[in-house]
Amino acid sequence: MIPLDTTLDAADRRADDAIAFCMANDFPLGAALIGHRWRGAAAEDVVTALAPYQNDDGGFGNGLEVDIASPASNPFATRLAMQVLLALEERPAGATAVLAGIDRWLVSAQDGQGNFRLSPAVLAGQIAPWFAEWTYPNLNPAACLTGLAFRLGAGSPELFSRVEAMVASLGNAEVARDGEFYDVLPYAEYAPLLAANGHETLLEATVEGIVGRLHAETYDDASHALDHALGGGEALSSRIPADLIAREIARLLGEQEADGGWSSPYSAAWRPWLTATALVRGADIRDMSR
């Protein structure tokens with residue numbers, strides 16, 4: 001197993017350059033996140049930086065999901081905002097208000113079958129083709145949003161019951177184990193509720209697939225590996241060998257580029273987000289070891 005102190009020293013050394021990269025690339029939210037987790041900055045600074053992405057309906061848009069140009073709220077940007085809230089070491093009053101807005105949006109945006117469809121306003125704007133062609137019913141992003149809501153202590157009974165019905169109907173152990181990255185992601189992020197609701201077969205299949213890919217080193221990069229391995233919180237990560245997670249954290253920290261940022265296999269516009277989340281992952285491992 002890679003020594004934890006070596007990994008965390010590497011993360012700490014990378015923080016200031018990563019903050020500078022985020023600021024140079026007009027992403028104060030990323031700088032605030034890294035500053036909060038590594039330099040003692042206030043959680044409220046993160047909430048302040050997150051606020052411009054939230055709409056009056058409580059959902060998030062406005063470019064937080066860089067592949068969706070419309071300012072209107074959409075489920076994929078809202079998922080990212082929920083990940084930001086989960087990254088906070090404490091929840092200030094501002095974060096509570098942001099989460100209340102998300103709760104309100106989850107109620108209004110979910111259809112009767114449990115889906116979170118892209119609205120006409122979102123589809124009318126510039127949008128990546130994979131989003132424009134999204135099909136329903138789909139556990140992604142419904143199960144992702146619901147798993148994150150559960151971890152944040154949010155979500156209505158209707159949210160949970162509708163998505164639980166989707167999981168019962170659409171859940172597939174073969175997909176959870178062997179599917180493509182974005183097919184597996186909802187199982188990973190819904191893992192706390194897989195555990196709580198008796199879906200042991202789906203949870204075991206999810207873990208088996210992630211562990212198999214980690215052993216085989218078939219994830220394209222450490223960011224994708226950790227999105228799966230850490231995406232469901234302790235309900236998932238506790239079932240994955242710690243040495244495999246430590247190896248991916250070390251790999252992730254080694255992927256920082258000379259300009260202080262992390263590369264992206266997608267658009268370069270994703271680099272600031274990936275830079276911030278890389279340092280959040282490092283801080284998560286640091287805090288888990290305490």
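Counting heavy atoms from C-beta on, the side chains of Leu145 and Met82 come closer than 4.5 Å. Side-chain contact between Val122 and Glu65 is absent, with no heavy atoms from C-beta onward closer than 4.5 Å. In this structure, the side chains of Val47 and Glu44 come closer than 4.5 Å at one or more pairs of heavy atoms. In this structure, Val175 and Val184 have side chains that are not in contact, with every pair of non-hydrogen atoms separated by 4.5 Å or more. Residues Leu252 and Ser223 meet the side-chain proximity criterion, which asks for heavy atoms closer than 4.5 Å.
Comment: Arg104 does not engage Asp56 in a salt bridge, judged by the lack of any side-chain N to carboxylate O separation of less than 4.0 angstrom. Salt bridge absent: Glu248 and Arg213 never bring a charged side-chain N and a carboxylate O closer than 4.0 Å. Here Asp183 does not pair with Arg177 in a salt bridge; the nearest charged N to carboxylate O distance is not below 4.0 Å.
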Kindly indicate, with the supporting measurements, whether the criterion ring pair (Phe, Tyr, Trp, His ring centres under 6.0 Å) is fulfilled by Tyr182 and Trp134.
CA-CA 12 Å; Tyr182 288 105; Trp134 213 260; 7.5 Å; no

Step by step, would you call Asp259 with Arg271 a salt bridge (Lys or Arg N to Asp or Glu O under 4.0 Å)?
CA-CA 11 Å; Asp259 61 3; Arg271 292 190 66 207; 2.9 Å; yes

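Looking at every heavy atom in both residues, Ser264 comes nearest to Trp270 through OG-CB, 3.5 Å. Across all non-hydrogen atoms, the minimal contact from Val98 to Gln54 is O-NE2, 3.2 Å.
Side-chain heavy atoms closer than 4.5 Å link hydrophobic residues (I, L, V, M, F, W, Y) into clusters, and following such links, even through other members, never connects Met166 to Leu118. By the criterion of side-chain heavy atoms lying less than 4.5 angstrom apart, applied directly or through intervening Ile, Leu, Val, Met, Phe, Trp or Tyr residues, Ile102 is not grouped with Val107; the two fall into different hydrophobic clusters. Leu64 and Leu85 fall within a single hydrophobic cluster, where Ile, Leu, Val, Met, Phe, Trp and Tyr are joined by side-chain heavy atoms under 4.5 Å apart, directly or via other members. The cluster map of Ile, Leu, Val, Met, Phe, Trp and Tyr, joined by side-chain heavy atoms under 4.5 Å apart, puts Leu123 and Trp105 in different clusters. Cluster membership check: Val163 shares its hydrophobic cluster with Leu185, using side-chain heavy-atom separations under 4.5 Å among Ile, Leu, Val, Met, Phe, Trp and Tyr.
The closest donor-acceptor contact from the side chain of Thr78 to the backbone of Gly59 lies at 3.5 Å or more, if one exists at all. A donor-acceptor pair is defined here as one N or O able to donate and one able to accept, closer than 3.5 Å; no such pair exists between the side chain of Arg151 and the backbone of Leu86. Counting only distance, with no hydrogens or angles, the side chain of Arg91 and the backbone of Leu152 share a donor-acceptor pair below 3.5 Å. The backbone N or O of Leu193 sits nowhere less than 3.5 Å from a side-chain atom of His199 that would complete a donor-acceptor pair.
In summary, of the residues considered (Val207, Ile210, Leu236, Asn172), a side-chain contact (heavy atoms from CB on, under 4.5 Å) with Tyr187 occurs for Asn172 alone.
Within 6.0 Å of atom CD in Glu255, more than 12 heavy atoms from other residues, nucleotides or ligands are found, so the atom counts as buried in its surroundings. For Glu174, the CD atom counts as loosely surrounded, since its 6.0 Å shell holds 12 or fewer non-hydrogen atoms of other residues, nucleotides or ligands. Remark: Glu90 CD is packed, more than 12 non-hydrogen atoms of other residues, nucleotides or ligands lying under 6.0 Å away.
Remark: the Asp221 side chain and the His224 side chain contain an N/O donor-acceptor pair separated by less than 3.5 Å.
Residues satisfying the side-chain hydrogen bond (donor to acceptor under 3.5 Å, both in side chains) criterion with Gln110, sequence neighbours excluded, are Arg162.
The ring-ring contact (aromatic ring centres under 6.0 Å, His included) contacts involving residues 235-264 comprise nothing, where partners must be two or more places apart or lie in separate chains.
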